[in-house]
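Encoded as structure tokens, the structure appears first; notes follow it.
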Amino acid sequence: MAGGAGTVLTPAQAEQAFQAGACFIVSPGLDEGLAARCQSLRIPWIPGVATPTEIMVALRLGLTVLKFFPAEAMGGTKTLSALMPLFPDVRFIPTGGITSRNLADYLKLPNVLACGGTWLADRRLIQERRREELIRLAREAQAIARQARAQRPA
């Protein structure tokens, strides 16, 4: 199974991730130098954005899948709903404050492609090797996602 690299901040880190076998890059913000390096490596890049200005820059760079970060701090689902008519071709992957309690609210939005949440990979559970609890959390998130997608407006 191929994976990506997250929290990539510099072109050098993108290069390292690519050399290590990453199939995509995710960063917390939008950086044109990082965009250029990912483009030269021909590796998909999902930059973080939080404002309409950043979204417009991303669109100018040809990017339409964007990380919305930090989602809850930037207004969460209300902000994503307000952005929908302005940027109808953009799909977001919100992260930052997403939990099992608000996951469904995000996934019901047509402009949300996926969500990220650290509750799924709780460091304590990983360190304690509590595999069954991690599996339970993943299954819970999967069930929430299925139900939310079924309720999504057509």
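Predicted, not measured: the structure shown is a model, and the values here were computed from it. Starting from 1, each residue takes its place in the sequence as its number.
Note: the hydrophobic cluster containing Ile144 also contains Leu80 (ILVMFWY, side chain heavy atoms under 4.5 Å, direct or indirect links). There is no path of hydrophobic side-chain contacts, each under 4.5 Å, that joins Ile135 to Leu120. Hydrophobic clustering, with ILVMFWY side chains joined whenever heavy atoms are under 4.5 angstrom apart, keeps Ile46 apart from Tyr106. Note on Val112: it clusters hydrophobically with Met84, by side-chain heavy-atom contacts below 4.5 Å among ILVMFWY residues. Both Val8 and Ile43 sit in one connected hydrophobic cluster of ILVMFWY residues. Membership requires side-chain heavy atoms under 4.5 Å apart, directly or through other members.
Side chains of Leu66 and Ile93 form no contact here, defined as non-hydrogen atoms less than 4.5 Å apart. For the pair Phe87/Pro52, a side-chain contact is recorded, criterion being any heavy-atom separation below 4.5 Å from C-beta on. Val90 places none of its side-chain heavy atoms less than 4.5 Å from the side chain of Asn111. Contact of the Leu109 side chain with the Phe92 side chain is not registered, since no non-hydrogen atoms from C-beta on lie closer than 4.5 Å. Side-chain contact between Asp31 and Pro47: absent, with no pair of heavy atoms (C-beta onward) separated by less than 4.5 Å.
The two residues Pro94 and Ala114 have their closest heavy-atom pair at CD-O, 3.0 Å.
More than 12 heavy atoms of other residues, nucleotides or ligands lie within 6.0 Å of CZ in Arg124, so this atom counts as buried by the packing criterion. Counting non-hydrogen atoms of other residues, nucleotides and ligands closer than 6.0 Å to CD of Glu128 gives a total above 12. In the displayed structure, Gln39 atom CD is contacted under 6.0 Å by at most 12 heavy atoms of other residues, nucleotides or ligands.
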**Prompt:** What's the verdict on side-chain contact (heavy atoms from CB on, under 4.5 Å) for Glu140 and Leu137, showing C-alpha distance, side-chain angles and the deciding distance?
**Reply:** CA-CA 5 Å; Glu140 176 186 49; Leu137 290 171; 3.9 Å; yes
task = Let me see the working for Thr7 and Val26 under side-chain contact (heavy atoms from CB on, under 4.5 Å), right down to the final yes or no.
result = CA-CA 6 Å; Thr7 316; Val26 181; over 6 Å; no
Practice item. Report the C-alpha distance between Cys115 and Leu107 in whole Å, list the side-chain angles of each, state the deciding distance to 0.1 Å, and finish with yes or no for side-chain contact (heavy atoms from CB on, under 4.5 Å). Key: CA-CA 7 Å; Cys115 291; Leu107 292 176; 3.8 Å; yes
Might you work through the side-chain contact (heavy atoms from CB on, under 4.5 Å) test for Phe68 and Thr79, ending with a clear yes or no? CA-CA 10 Å; Phe68 180 57; Thr79 299; 3.7 Å; yes
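Within the 3.5 Å criterion, the main-chain N or O of Pro88 finds a donor-acceptor partner in the side chain of Arg91. Checking side-chain atoms of Gln151 against main-chain N and O of Ala148 turns up no donor-acceptor pair under 3.5 Å. No side-chain donor-acceptor contact under 3.5 Å links Ser81 to the backbone of Lys78. No side-chain donor-acceptor contact under 3.5 Å links Asn102 to the backbone of Asp105.
By the side chain to side chain contact (heavy atoms under 4.5 Å, CB included) test, Pro28 pairs with Leu9, Phe69, sequence neighbours left out. Residues passing the salt bridge (charged side-chain N to carboxylate O under 4.0 Å, His left out) test with Arg60 are Glu32, sequence neighbours excluded.
Between atom CE of residue Met56 and atom CG of residue Leu30 there is a gap of 12.5 Å, rounded to the nearest 0.5 Å. Considering CD of Glu15 and OG1 of Thr10, their distance stands at 10.5 Å, rounded to 0.5 Å. The CZ atom of Arg123 sits 8.0 Å away from atom CD1 of Ile126, with the distance rounded to the nearest 0.5 Å. Interatomic distance, Thr118 OG1 to Ile98 CD1, rounded to the nearest 0.5 Å: 10.0 Å. With rounding to the nearest 0.5 Å, the separation of CD in Gln142 from CG in Leu103 is 11.5 Å. Atoms NZ and CH2, from Lys67 and Trp45 in turn, are 11.5 Å apart once rounded to the nearest 0.5 Å.
Between Leu59 and the options Ile55, Leu61, Val57, a side chain to side chain contact (heavy atoms under 4.5 Å, CB included) holds for only Ile55.
A donor atom on one side chain and an acceptor atom on the other are not found under 3.5 Å apart for Ser100 and Trp119.
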